[in-house]
Amino acid sequence: MPDCLSDLRKKMVTSLIRGKQFNRNRLQGKYWRVILDGTGLFYFKEKHCENCLCTKIKTEDGKTVKQYYHKVLEAKLVLSDDVIISIGTEFIENENENVSKQDCEINAAKRLLPKIKKAYPRLPVILQGDALYATEPFMELCKKEYHWEYLFMQKNTRQKILGEGFEWIKAGEDAVRQHGLCKEKESGFFANHVEKVAGKTQTMNVFEYEYHTKDKNGKTVTICFQWVTSLNLTKQNLEEMIIARRGRWKIENGVYRIEHLNSKNSNAMKNHYLLTQISDILMQLYLAWNPYIKELKQTIKNTSPSSPLDEKDIS
Ligand SMILES: [Zn+2]
């Protein structure tokens, strides 16, 4: 059953891409942005099914308790600022309860990517994701295996050598600094082909954007983002690349509350989830093409329950 729902989704997505209405939103006029995003779906105090992921948490009174949960990795296609739709879904789950190492987002991505390639073999894709993905093996997978471009966030905690490399690169003569970028009119820098400096063999271009904002106490704070990409950076495309990575980054699941998914049967749960993704595509298109609906959308959002549900709500 999940396969036939995936097929339906694929038909919808293919016709949207072929329709050309969204072509102008491609990055650098060519690449369709596909965002990888892992989302926690729901948590349980007791084991829910044999595929549950498990973690230990400390309660307020200092006790350690086990918590069971389900996660899903979504691949979302950016059609426009308003329309970001699910084109691939991979459940992050253990094969059984006795696995020595739990399933994780990276492994789920390795299962999900070939499915996307198979469904959209000729689509020029730029894959976007967290710092989690900014590793050499994953960059190589993108380029060599799937012939996709990539754009990943970079954090010092994840890639220490690369983080130190950034400081070298910034001080070097190949770094290009640019001012007056984005709505804050602040500055960024980029440098192409820094793989050697960063201790990598994969082609790597890096860029950074730094701006100032006020925190909740009114104190000025500096926010700095760093990214790595396989695309060549220029003075002309730097701002577009920064905006691409700052855009609606944390994906909301439309106006639906997927925490409401409720089934002890894991197949039924997956079908339910895929159906919410399909209805989300329809809802987003409807909202994007109907300006009057946009106001309504806010109303629906404001009236839907937003507090995370506890166990009694999902049993
Ligand atoms: Zn479960």
Side-chain angles (χ1 to χ4, degrees), residues 1-10 34-77 84-116 118-119 129-130 132-133 138 249-281 283 304-315:
M1 177 65 174
D3 283 347
C4 102
L5 288 174
S6 302
D7 280 351
L8 170 63
R9 174 169 64 182
K10 186 186 151 187
V34 173
I35 304 176
L36 288 177
D37 186 38
T39 326
L41 277 184
F42 29 61
Y43 292 81
F44 309 89
K45 284 183 192 125
E46 281 160 23
K47 193 160 76 78
H48 151 267
C49 70
E50 61 176 21
N51 310 115
C52 278
L53 297 170
C54 179
T55 181
K56 286 187 178 127
I57 54 157
K58 274 216 156 51
T59 58
E60 278 172 21
D61 50 6
K63 273 190 218 150
T64 306
V65 294
K66 277 189 172 177
Q67 196 176 41
Y68 296 87
Y69 62 106
H70 276 253
K71 274 187 86 173
V72 67
L73 178 67
E74 275 291 326
K76 299 254 173 172
L77 176 70
I84 301 175
I85 61 172
S86 166
I87 60 164
T89 300
E90 188 68 33
F91 293 87
I92 306 172
E93 59 185 12
N94 295 329
E95 265 175 55
N96 58 61
E97 50 192 299
N98 302 318
V99 289
S100 57
K101 198 170 175 293
Q102 299 209 74
D103 197 14
C104 65
E105 188 171 326
I106 285 278
N107 283 343
K110 287 178 186 165
R111 299 193 299 271
L112 179 58
L113 298 186
K115 293 177 190 171
I116 293 173
K118 194 170 168 231
D130 272 332
L132 181 73
Y133 298 103
F138 207 84
W249 170 236
K250 266 294 157 193
I251 300 155
E252 313 158 44
N253 272 278
V255 292
Y256 301 91
R257 306 296 316 182
I258 53 170
E259 297 91 347
H260 283 291
L261 289 184
N262 47 8
S263 178
K264 286 239 170 197
N265 173 321
S266 104
N267 217 28
M269 182 180 79
K270 288 177 184 176
N271 286 334
H272 186 169
Y273 180 81
L274 283 173
L275 280 171
T276 64
Q277 294 302 308
I278 289 168
S279 42
D280 182 57
I281 295 176
M283 190 65 161
S304 73
S306 57
S307 60
L309 298 172
D310 57 38
E311 201 180 19
K312 67 179 187 322
D313 293 304
I314 34 188
S315 56

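Counting from 1, the numbers follow the sequence of the chain as shown. Counting starts at 1 for both ligands and their atoms, following the listed order.
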*Asks:* Output a table of donor-acceptor pairs, distance under 3.5 Å, between side-chain atoms of residues 101-114 and any protein atom two or more places apart or on a different chain; print 'none' if there are none.
*Replies:*
| residue | atom | partner | partner atom | Å |
| --- | --- | --- | --- | --- |
| Gln102 | OE1 | Cys54 | N | 2.8 |
| Gln102 | OE1 | Asn94 | ND2 | 2.9 |
| Gln102 | NE2 | Cys54 | O | 2.5 |
| Asp103 | OD1 | Arg111 | NH1 | 3.1 |
| Asp103 | OD2 | Glu93 | N | 3.0 |
| Asp103 | OD2 | Arg111 | NH1 | 3.3 |
| Asp103 | OD2 | Arg111 | NH2 | 2.7 |
| Glu105 | OE2 | Tyr133 | OH | 2.7 |
| Arg111 | NE | Glu90 | OE2 | 2.9 |
| Arg111 | NH2 | Phe91 | O | 3.1 |

*Asks:* Are any non-hydrogen side-chain atoms of Lys71 and Leu53 less than 4.5 angstrom apart?
*Replies:* yes
*Asks:* Grab the two heavy atoms, one from Ala119 and one from Lys10, that are nearest each other, plus how far apart they are.
*Replies:* O-CE, 3.5 Å
*Asks:* Let's go through Asp280 and Ile85 carefully: what are the C-alpha distance in whole Å and the side-chain angles of both, what is the deciding distance for side chain to side chain contact (heavy atoms under 4.5 Å, CB included) to 0.1 Å, and is it a yes or a no?
*Replies:* CA-CA 8 Å; Asp280 182 57; Ile85 61 172; 5.7 Å; no
*Asks:* Atom SG in Cys4, atom CG in Asn271: separation rounded to 0.5 Å?
*Replies:* 8.0 Å
*Asks:* What is the number of protein N, O or S atoms that sit under 2.8 Å away from the Zn ion (ligand 1)?
*Replies:* 4
*Asks:* For residues 51-60, pull every pair meeting side chain to side chain donor-acceptor pair (under 3.5 Å), keeping only residues two or more places apart or in separate chains.
*Replies:* Thr59-Asp61
